[in-house]
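Below: one structure, written as structure tokens.
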Amino acid sequence: MVHLVDDEAAVRDALGFLLQSHGLSTAAYPDAPSFLSALAAGPLRGCVLLDVRMEPMSGLQLHDELMAQGFRAPVIFLTGHGDIPMAVEALKKGAFDFVEKPFSDDALVERVQKALAVEAAQHADQAAGDEAAARLASLSEREREVMQRVAAGKLNKVIADELHISVRTVEVHRAKVFSKLGVRSAAEVATLLAQIR
């Protein structure tokens, strides 16, 4: 989904037609408060095409608000009045791109497609991290202690000595950790932990 935030209906209509003619779904908003209301109703997937000059809140102000709310979908600024310092500031704050009007239709569609691909990859990473965190949360405190040492590559005997338990108990905990985390090796445990961090 491409979210179009622009106070000019003609621009929203033209962009919507352009993107839909390339098979991209769109949702249009006449101002920043409308977009924020939609965002408050539930998480939004996709990317945002955001006009810089709008009332009552500019595109740059909306971007700041989105960053403050933890919104991480790619934002492409559109402007007919941009300058280099404005573009640099927007990019430093995390904008995906800054496009000056008039723009090439093909170039804009290509940038939108790249932004959507980045968002899809971010979403997949987040989903994998959430799943890994859920598996990790299912471990008992002792299993976590064993897991940390397994991930560090320590042998069962060393873990048993450090935790003052028997080697057999470490083996049982290790088996439970592998089962709950859905892994088969210490290397996979370490990879799973890296996904969460």
Side-chain angles (χ1 to χ4, degrees), residues 1-134 192-197:
M1 176 70 72
V2 182
H3 302 276
L4 310 171
V5 187
D6 197 305
D7 58 354
E8 293 185 47
V11 173
R12 293 194 305 273
D13 290 345
L15 286 172
F17 179 78
L18 170 67
L19 296 170
Q20 288 166 14
S21 70
H22 285 80
L24 301 170
S25 300
T26 63
Y29 311 87
D31 51 36
S34 298
F35 183 74
L36 289 172
S37 293
L39 186 60
L44 300 177
R45 294 278 320 273
C47 71
V48 181
L49 283 182
L50 181 57
D51 186 29
V52 170
R53 288 197 175 182
M54 297 186 297
E55 293 294 337
M57 179 187 285
S58 75
L60 294 170
Q61 291 171 321
L62 174 58
H63 187 244
D64 288 345
E65 177 62 25
L66 293 174
M67 294 294 101
Q69 292 187 18
F71 183 80
R72 294 294 176 256
V75 173
I76 299 173
F77 281 101
L78 296 175
T79 182
H81 310 283
D83 56 25
I84 291 175
M86 182 188 291
V88 169
E89 181 185 352
L91 294 172
K92 278 185 177 176
K93 289 182 175 179
F96 184 79
D97 210 338
F98 197 94
V99 178
E100 283 195 77
K101 301 174 186 173
F103 48 78
S104 154
D105 289 353
D106 289 343
L108 180 64
V109 169
E110 182 183 342
R111 288 177 179 171
V112 167
Q113 289 171 331
K114 283 183 181 176
L116 291 172
V118 166
E119 191 275 340
Q122 289 172 342
H123 183 75
D125 287 347
Q126 182 65 46
D130 291 347
E131 183 183 336
L192 190 74
L193 291 176
Q195 284 181 325
I196 299 170
R197 295 177 184 139

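Here Ser34 pairs with Tyr29, Pro30, Asp31 under the side-chain contact (heavy atoms from CB on, under 4.5 Å) rule; sequence neighbours left out. Annotation: salt bridge (charged side-chain N to carboxylate O under 4.0 Å, His left out) contacts of Glu110 (sequence neighbours excluded): Lys114. Asp64 is linked by a side-chain contact (heavy atoms from CB on, under 4.5 Å) to Lys93, counting only residues two or more places apart in sequence or in another chain. Gln126 pairs by the side-chain hydrogen bond (donor to acceptor under 3.5 Å, both in side chains) definition with Asp130, not counting sequence neighbours. For the side-chain contact (heavy atoms from CB on, under 4.5 Å) test, residues two or more places apart in sequence or in another chain that qualify with Glu131 are Arg135. Residues passing the ring-ring contact (aromatic ring centres under 6.0 Å, His included) test with Phe96, sequence neighbours excluded: none. Considering only residues two or more places apart in sequence or on other chains, Asp97 meets the side-chain hydrogen bond (donor to acceptor under 3.5 Å, both in side chains) condition with Arg111. Remark: Gln113 pairs with no residue by the side-chain hydrogen bond (donor to acceptor under 3.5 Å, both in side chains) rule, at least two apart or across chains.
Taking 4.0 Å as the cut-off between side-chain N and carboxylate O, Asp6 and Lys101 count as a salt-bridged pair.
Counting only heavy atoms from C-beta outward, the side chains of Leu78 and Leu15 approach each other to under 4.5 Å.
Minimum interatomic distance between Val5 and Ala32 (heavy atoms only, all atoms of both residues): CG1-N, 4.2 Å. Of all heavy-atom pairs between Glu100 and Phe103, the closest is O-CB, 3.6 Å. Between Met1 and Ala27, the closest heavy-atom pair is SD-N, 3.6 Å.
Counting only residues at least two apart or on different chains, the ring pair (Phe, Tyr, Trp, His ring centres under 6.0 Å) pairs with a member in residues 36-65 are His63-Phe77. For residues 7-17, no residue pair satisfies the side chain to side chain donor-acceptor pair (under 3.5 Å) rule, not counting sequence neighbours.
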Side chains of residues 35-57: which donor-acceptor pairs under 3.5 Å do they make with residues two or more places apart or in other chains?
from: Ser37; atom 1: OG; to: Pro33; atom 2: O; distance (Å): 3.0
from: Arg45; atom 1: NE; to: Glu119; atom 2: OE1; distance (Å): 3.4
from: Arg45; atom 1: NE; to: Glu119; atom 2: OE2; distance (Å): 2.7
from: Arg45; atom 1: NH1; to: His123; atom 2: NE2; distance (Å): 3.3
from: Arg45; atom 1: NH2; to: Glu119; atom 2: OE1; distance (Å): 3.0

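A distance of 8.5 Å separates CG of Leu24 from CG of Leu18, quoted to the nearest 0.5 Å.
Each of Glu65, Met67, Arg72 was compared with Gln69 under the side chain to side chain contact (heavy atoms under 4.5 Å, CB included) criterion, and only Glu65 meets it.
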